[in-house]
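As structure tokens, the structure follows; a few thoughts come after it.
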Amino acid sequence: MELEVKKRRAQLYRYQAAGFFIGILGAAYVFYMVFGIDSYVMAWRFGSGISVLVTASVCIVYALIVAIDCLIIRLGSVKIAEILATECDPFLYEACICRSSMVFYKDRILCNIALAQHCQGNFDKSWETLQGINPRKLKGVFRANYYILLSAQYFKRGMGHKVHELEEAFGRSVSYRPRSWQGSRPENGGAAGGTVWSRRKNDWRYFQILCAGNNLTRALKNQDYQAASRFLYEGQELNGNIIKPWMKVNYTFRQAQIYLGLGEKESAKLCLKYVLSKGNRMWAVSEAQRMLETIETED
């Protein structure tokens, strides 16, 4: 594990170093081009307007260099994120991100750590990590993950009746202009309805994903497997083409639970075997193994 963490972190550092190096070169280029040209000679030969054009062109080139710089640095972070998203290894993922500096984006990093711990099945540790996060400093997918993880923790701790308060808090946190909506609420107490403040289309979609996931958990708890199947499909549709392997593992595990509830054991077996083959070191794998052994024992 230690060697693998060093390898992955070294990969991130290489991307960051390349990005910073390009940024330094760009700054040096701008300094040379702006201050190294004899502006008087240029103005004498081509007119005073040429100096403005030269300066503008240099700044444009520098802007392109900075864009490439940021892209390379971002690519390093993406490579780390793929450890969980694609390789389904929450233990290695946590080990890598735990060594990130907390000076900038502390709450985002803690949110990712809590996600890794949750996928490991280390729910108590994930709960502790979530307590140290200030949700007001989170945006976009980080804010959505925070409320999704906290909702899951509430259900596991017997606090499911308070989950609708998290849904309402998430809705209020999506600011800009009010927009009316009617959330789908199953008879056992589904997503809160009312007014949600929406800044972007993605914020609304994240909110719907939160509600669909919570409704799925409620339906499974109440053994309403037809409704659970509907909410599972709704969550998959909302995620669309951005479903990563680790998400598909989780969805397939939930599908197995639904099949078992409907008495379709063979379909459940196929789902559980998929989780075992693709889930790597995720918590769902050990749970799928236990469920599969139980089914085979009953047969």
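Heavy atoms only: backbone and side chains are in, while hydrogens, waters and symmetry mates are out. We're numbering straight along the sequence, starting at 1.
- Taking the charged nitrogens against the carboxylate oxygens, E167 and R218 do have a contact shorter than 4.0 Å, which makes a salt bridge.
- Comment: R290 engages E287 in a salt bridge, judged by a side-chain N to carboxylate O separation of less than 4.0 angstrom.
- Linking ILVMFWY residues whenever their side-chain heavy atoms come closer than 4.5 Å, directly or via other members, leaves Y233 and I209 in distinct clusters.
- Between the side chains of D107 and Y146, no donor-acceptor pair of N or O atoms lies under 3.5 Å.
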Open item on the list: Using the rule given for side chain to side chain contact (heavy atoms under 4.5 Å, CB included), can you reason through F231 versus T217, listing the C-alpha separation, both sets of side-chain angles and the distance that settles it, and then say yes or no?
Closed with: CA-CA 9 Å; F231 290 126; T217 302; over 6 Å; no
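- Within the 4.5 Å cutoff, the side chain of V249 has no heavy atoms near those of the N280 side chain.
- Not one N or O on the side chain of S126 forms a donor-acceptor pair closer than 3.5 Å with the backbone of N122.
- A salt bridge does not link R230 to E234: none of the charged side-chain nitrogens sits closer than 4.0 Å to a carboxylate oxygen.
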Task: Worked verdict on Q226 versus D224 for side chain to side chain contact (heavy atoms under 4.5 Å, CB included) - done: CA-CA 6 Å; Q226 296 294 339; D224 187 352; 4.2 Å; yes
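- Using a 4.0 Å cut-off between charged side-chain N and carboxylate O, K125 and E94 make no salt bridge.
- Taking each heavy atom of N239 and R205 in turn, the nearest pair found is CA-NH1, 4.2 Å.
- In this structure, the side chains of R14 and K79 stay at 4.5 Å or more apart for every pair of heavy atoms.
- Both L262 and L260 are members of a single hydrophobic cluster when ILVMFWY side chains are connected at heavy-atom separations under 4.5 Å.
- The backbone N or O of W127 lies less than 3.5 Å from a partner atom in the side chain of Q131, making a donor-acceptor pair.
- Counting only heavy atoms from C-beta outward, the side chains of W246 and N250 approach each other to under 4.5 Å.
- A distance-only check finds a donor-acceptor pair linking the side chain of Y251 to the backbone of G235 [under 3.5 Å].
- Side-chain contact between L138 and N145: absent, with no pair of heavy atoms (C-beta onward) separated by less than 4.5 Å.
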TODO: Take L115 and I148, measure what side chain to side chain contact (heavy atoms under 4.5 Å, CB included) needs, and give me the verdict at the end.
DONE: CA-CA 10 Å; L115 176 61; I148 289 171; over 6 Å; no
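- Taking 4.5 Å as the limit, some side-chain heavy atom of I97 sits within range of a side-chain heavy atom of I113.
- Note: the hydrophobic cluster containing L166 also contains L130 (ILVMFWY, side chain heavy atoms under 4.5 Å, direct or indirect links).
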TODO: Mind running side chain to side chain contact (heavy atoms under 4.5 Å, CB included) on F142 and Y105 for me, showing each step along the way?
DONE: CA-CA 11 Å; F142 297 99; Y105 305 116; over 6 Å; no
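- Between R8 and the options E82, E2, E87, a salt bridge (charged side-chain N to carboxylate O under 4.0 Å, His left out) holds for only E87.
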